[in-house]
Protein chains: 2
Amino acid sequence: MRKRATAKQVAEAAGVSKWTVIRAFTPGASITEESKRKVLETAAALNYTPNLLARSLATNTTGQVAVFVDDFANPQKLPFLESLTEKLQAAGLVVMLININNHFDHVNALLHADQRQVDAIILFGTAFRDETLTDLQLGNGMPPMFVLARDSQIEGVPAVVCDAELALREIVDHLHAKGYKRPGFMSGAAALSTALRRRQHFAEFWAEKGVTDIALLFAEKYSAPAGAASIRRYLSETAAQDRVDVLMCENDILAIGAMDEIRGKFGLRVPEDIAIVGFDNYELGGSFAYGLTTYEQPRNEMVDVVLKMIKGKIEPETITLPGRLIVRRSA
Amino acid sequence: MRKRATAKQVAEAAGVSKWTVIRAFTPGASITEESKRKVLETAAALNYTPNLLARSLATNTTGQVAVFVDDFANPQKLPFLESLTEKLQAAGLVVMLININNHFDHVNALLHADQRQVDAIILFGTAFRDETLTDLQLGNGMPPMFVLARDSQIEGVPAVVCDAELALREIVDHLHAKGYKRPGFMSGAAALSTALRRRQHFAEFWAEKGVTDIALLFAEKYSAPAGAASIRRYLSETAAQDRVDVLMCENDILAIGAMDEIRGKFGLRVPEDIAIVGFDNYELGGSFAYGLTTYEQPRNEMVDVVLKMIKGKIEPETITLPGRLIVRRSA
DNA sequence: TTGTACGCGTTATCAT
DNA sequence: ATGATAACGCGTACAA
């Protein structure tokens, strides 16, 4: 489509061989200051920059990392994407953002990323089914894969996640200390392993406090309207005296949706009638309107770890990082 | 880094020439059913897929589009990114997400995208200074560029934006009809041309109603805390009887920050004491907690237009699309 | 330090 | 329909 200056053209203009031009652009190559200066000058004049495409073909490494995302409803994705792009770019990598929704077949997306020769694939909070990956004969030519902010049960695909056990223990301890006695849990998508883990730990630690009856609510997806619909169903079907006194939602966006419904449609108070806890520490959850008690994922640290694995600086293995309980008014 | 099967290897295994292999993967190429079947079979056995990198080098077109973003605080970016990735992918293109913040020099980012041979560059809501672009001698080897969701005054760089004149006219008409008499406007970043346009139109249409005294507020950036800080400064410095009765914020995230501050810290009511209007129609603005009156940008249509320009289906020129006034409780 | 073959995997074009 | 040659722009290995 466009025409760019090539190393060969620069070489001719500068009166050297094209390999000298290459060397001028290769850090640490053996070349005289004189030659280098001359090359760089004419290169600037001709508007020449190395063609990274050709370089990738020759070196068999592209510096591109595919980031798969399948759910754009959770605003939490945005700061993660910011951290990902910033840190990867600082490491000389660039993010290929790939939307994996229902319209776009997962296997095709993986093959496509592979065809583009990406250096790595990050499954960022996606609802990938394990079979999708195992079908592809991992390790057999596919780029290294990593799961970010979700569990992975797949052999050879390490995950980097917030420590769910620690998180739920702190949350339950806090709720118990506050005197709540009738807990409930709202899941966003029961099929996901992460969902089950958080819910399991929630139940497990309440059981340690002697509370075994946990109300279970389900939202169709991770969005405010889905959270609202879920709590609406629950409140409509449950008599006032049977209701939970505290509801933990699997993430902040569900919690916000639930809170709005509780206060707006049912005229109940948070936390007096029902206390609410979220997960993620989405910025607006901390606003005056919500004052949401939540748990912060160590975003930057998680991205750092994934980056190190991609760069081969640490062994690729599943790692859990501690987050931080954020107590506000809602619980 | 990894090893992939090549067309040559498949050719040897299938007992044909490598060009026959290529043809088997080229839609509409002349090849016998027999050969094609044989090639595809052995290709599947060897796990071969065409190397898009090599193809790009040969065809001089990568199918990659760089999307520049410099501000991840506005949750509005997320649905836009969803729309961008989905529509571009459906058109056979893939998004390179490039974070342009203060740590990353704008010119370098442009050159980097150029070096990667992207087919186009989308400046998505970025605060690019015009000089940054003109310095780069546009059209002189750089990929075609488009500005999305911001104005562009740059020759040869078309913009696709929501029609600000129409939007502000509808908004001011609505506010005037509601009986508000003392309007104010909060800008997110005075240097940006879009900011000025919205503010200008706001003032212009109020002037038509005979109101020439518009209070001007400034937020340091587009974020809820910045919006809160701005209104806090204003309310602290302005006596109750001198205050605005309606405040239009340049976008929803500023509006939400302002609303929280007004109600949470100052104990004032929205809209009774101060009415609030935003811009963008961010999902949570429509929640019970905020009930924000706002203006919806035609996201999907805007992305469609940019895509058509990239694909060369329509002439690249600045286009403004009509949005939609969303009236809720806040004004 | 500098110059020369050759290879990376594909596409375009021509000859068979 | 198939095979062969050249070209895309750069990197590596080796020779001068």
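In what follows, every chain begins at residue 1, and chains take the letters A, B, ... in the order their sequences are listed.
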* Nearest-Å distance for atom pair CD/C1', residues B/E33 and D/dT2 -> 16 Å

* **Distance in angstrom units between B/K36 NZ and D/dT2 P, rounded** => 12 Å

* Salt bridge between A/K87 and A/D304, side-chain N to carboxylate O under 4.0 Å? -> yes

* Going by atom types only, do B/R55 and A/Q115 share a side-chain donor-acceptor pair under 3.5 Å? -> no

* In the 5'-to-3' direction, what one-character label does each nucleotide of nucleotides 7-16 of chain C receive under the scheme B = base within less than 4.0 Å of a protein heavy atom, S = sugar-phosphate only, - = no such atom? -> -BBBBB----

* Asked: If you look at every strand shown and take non-hydrogen atoms under 4.0 Å, does B/S56 touch a base, only sugar-phosphate, or nothing?
  -> nothing

* Any side-chain N or O of B/S35 less than 4.0 Å from the OP1 or OP2 oxygen of D/dT2? -> yes

* To do: Check the distance between D/dG9's P and A/L46's CG and give it to me in whole angstrom.
  => 14 Å

* When you check the phosphate oxygens OP1 and OP2 of D/dT2, does a side-chain N or O of B/T32 lie under 4.0 Å from one of them? -> yes

* Under 6.0 Å between ring centres, would you say that holds for B/F80 and B/F124? -> yes

* Looking at five pairs on each end of the helix from C/dT1-D/dA16 to C/dT16-D/dA1, what is the angle between the two axes, given to 10 degrees? -> 40°

* Distance-only donor-acceptor check, side chains B/N101 and A/E86, under 3.5 Å -> yes

* Asked: Between A/D151 and A/R197, does at least one N-O distance fall below 4.0 Å, as a salt bridge requires?
  -> yes

* **Side-chain donor or acceptor of A/T318 paired with backbone N/O of A/A159 under 3.5 Å** => yes

* Between the side chains of A/D280 and A/Q297, does any donor sit under 3.5 Å from an acceptor? -> yes

* To do: Kindly state each residue pair satisfying side chain to side chain donor-acceptor pair (under 3.5 Å) with at least one member in residues 14-25 of chain A, sequence neighbours excluded.
  => A/S17-A/T20

